[in-house]
Structures are given as C-alpha cells and as structure tokens.
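For reference, positions follow the sequence shown, starting with 1. What you see is a predicted model, and the numbers here were worked out from it, not measured in a lab.
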Amino acid sequence: RRRSESDVTPRVEPRAIHEVLFVGGPLALFLLWFAIGFPLFVRLQTPPKEAMDVYVMGKKWMWKFAYAGGPNGVDTLYVPAGRPVRLLLTSRDVIHSFYLPAFRVKQDAVPGRYTQTWFQAERPGRYEIFCAEYCGVGHSAMLGEVVVLPAAQFDAWLDESRRSAAVASAQDSTQSDPSPATTLVDQ
C-alpha cells in the first residue's frame, strides 16, 4: 500500500547504553580473539633457533635451493627428518608461491624481498612442491620435490655434496686460470 503524505517515519533515538553495547560488544570480542590469536600466530611463524637455513629462489619455471655453506640444487630439496628447516624465499622475476601441501606450508616468493617460513618433516620420504601463484606459461611445469632423509643419512649426503662441490670448483679454477707464463695475447 502506498503511504500518504501525512505518514512520517518515526525518528528513533537509541539510548546511549544500546550504542555502547552494539559497538563495544563486537569490538571487545574481536580484541579478545586478536589477543589470543596473535601470540599463537607469532609462535607458529617463528622458526626455532636451531633451524637449518635453506635459501630458495623461484625463477621461471624452477625452484633453486642453496644450503648455507653447502651445495645448490634445482627442483629437489633435501632435508633431515626430525630437524626444523627455515626457508628464506625470494624470486628472480615474478611472484611465485612456494607450496608444500604435505607439510601445510605456503609462502610467497616476491622479487626484491625475502620472506621466510619453516617446517619440520617427521618421516623420511618424497613430497611434492608446487608453485601456487600463476607465474606465466610454464607455471604448471614448475614442480619440485622435497626428499626427507634420516638425519644421519642427510648429514652424510651434505658432507659428500660439499666435498664434490669443492673438488669441482678446484678443477674448474685450475683449468680456467692461465699459467703465469701465458699472457692475454697468447690466449
């Protein structure tokens, strides 16, 4: 029905207590959730002090892993079982998203910035890595693998990889360095 010109909507003036309750109640509830949740978030995001560092670079269309003082790898990350691993991520070209669903880890790799995340694998095995951010034509082929080794086997692998890298770099330097008797003109 259509109202007449004389029908006016009544003006409702809420009491101050109602306004305080309608604003203050939800505000107090959300502040309580924040006070409970934020310390938990910080605790879950902060890696343990004894975590092993691995530097991760996302590039079109691969993951490159570098261990502190150790070997580099492409698309395969070796980690020890039962030890925390901190990943320091960056990207060389576009935004990538490091996604390790088996450990519930997902973190963006942004060009020019470093982000971090961490995890601790408990059981040896092989687990898939995906890029969860569309990064171009080869995005679906940007796959990787985490190989979780028992701690002693991982330590042996790391030592062997470091020795192999040292031998390879020593051979490269002796082959590429000219002898002192050779000049630039002779080369």
- Item | Plane angle bin for F34 and F38 - parallel if under 30°, tilted between 30 and 60°, otherwise perpendicular |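 Rings of F38 and F34: parallel, under 30°.
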
- Query: Atom CG of D155 and atom CD of E160: how far apart are they, to the nearest 0.5 Å?
  - Reply: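 Between atom CG of D155 and atom CD of E160 there are 13.5 Å.
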
- Item | Interatomic spacing from CZ in F22 to CG in L27 - rounded to 0.5 Å |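 So the gap between those two atoms works out to 15.0 Å.
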
Would you tabulate the side-chain donor-acceptor contacts of residues 61-68 under 3.5 Å, counting partners in other chains and residues two or more places apart, or write 'none'?
| unit_1 | atom_1 | unit_2 | atom_2 | d |
| --- | --- | --- | --- | --- |
| Y67 | OH | Y78 | N | 2.7 |
| Y67 | OH | Y78 | O | 2.9 |

Please say yes or no: joined through hydrophobic side-chain contacts below 4.5 Å, possibly via intermediate residues, are [X] and [Y] part of one cluster?
X	Y	result
M57	I129	no
L87	M52	yes
F154	F103	yes

- Query: Can V56 and L77 be said to form a side-chain contact (heavy atoms from CB on, under 4.5 Å), step by step?
  - Reply: CA-CA 9 Å; V56 181; L77 171 64; 5.7 Å; no

- Around atom OH of Y99, are there more than 12 heavy atoms of other residues, nucleotides or ligands at under 6.0 Å?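 Atom OH in Y99 is not crowded, with 12 or fewer foreign heavy atoms closer than 6.0 Å.
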
- Is the number of heavy atoms from other residues, nucleotides or ligands within 6.0 Å of CZ (R162) greater than 12?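 More than 12 heavy atoms, drawn from other residues, nucleotides or ligands, come within 6.0 Å of this atom.
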
Are the side chains of [X] and [Y] in touch, meaning some heavy atoms are under 4.5 Å apart?
X	Y	result
K60	C135	no
E128	P101	no
T115	F98	no

- Partner residues of F130 under the ring pair (Phe, Tyr, Trp, His ring centres under 6.0 Å) criterion, sequence neighbours left out: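 Ring pair (Phe, Tyr, Trp, His ring centres under 6.0 Å) check on F130 returns nothing, list empty.
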
If I compare all heavy atoms of [X] with all of [Y], which pair ends up nearest, and what's the gap?
X	Y	result
K106	A132	CE-CB, 3.4 Å
P47	Q116	CD-NE2, 3.5 Å
R113	T90	O-OG1, 2.9 Å
L21	P26	O-CD, 3.8 Å
G82	E122	CA-OE1, 4.1 Å

Residues 139-153 side chain polar contacts: donor-acceptor under 3.5 Å, at least two apart:
| unit_1 | atom_1 | unit_2 | atom_2 | d |
| --- | --- | --- | --- | --- |
| H139 | ND1 | E133 | O | 3.1 |
| H139 | NE2 | C131 | O | 3.4 |
| E145 | OE1 | R126 | NH1 | 2.9 |
| E145 | OE2 | R126 | NH1 | 3.2 |

- Item | Residue from L89, D93, I95 passing side-chain contact (heavy atoms from CB on, under 4.5 Å) with S91 |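 So, applying the side-chain contact (heavy atoms from CB on, under 4.5 Å) to S91 and each of L89, D93, I95, only D93 qualifies.
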
- Determine yes or no for a side-chain-to-main-chain donor-acceptor pair under 3.5 angstrom, with W118 supplying the side chain and L44 the backbone.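 Yes.
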
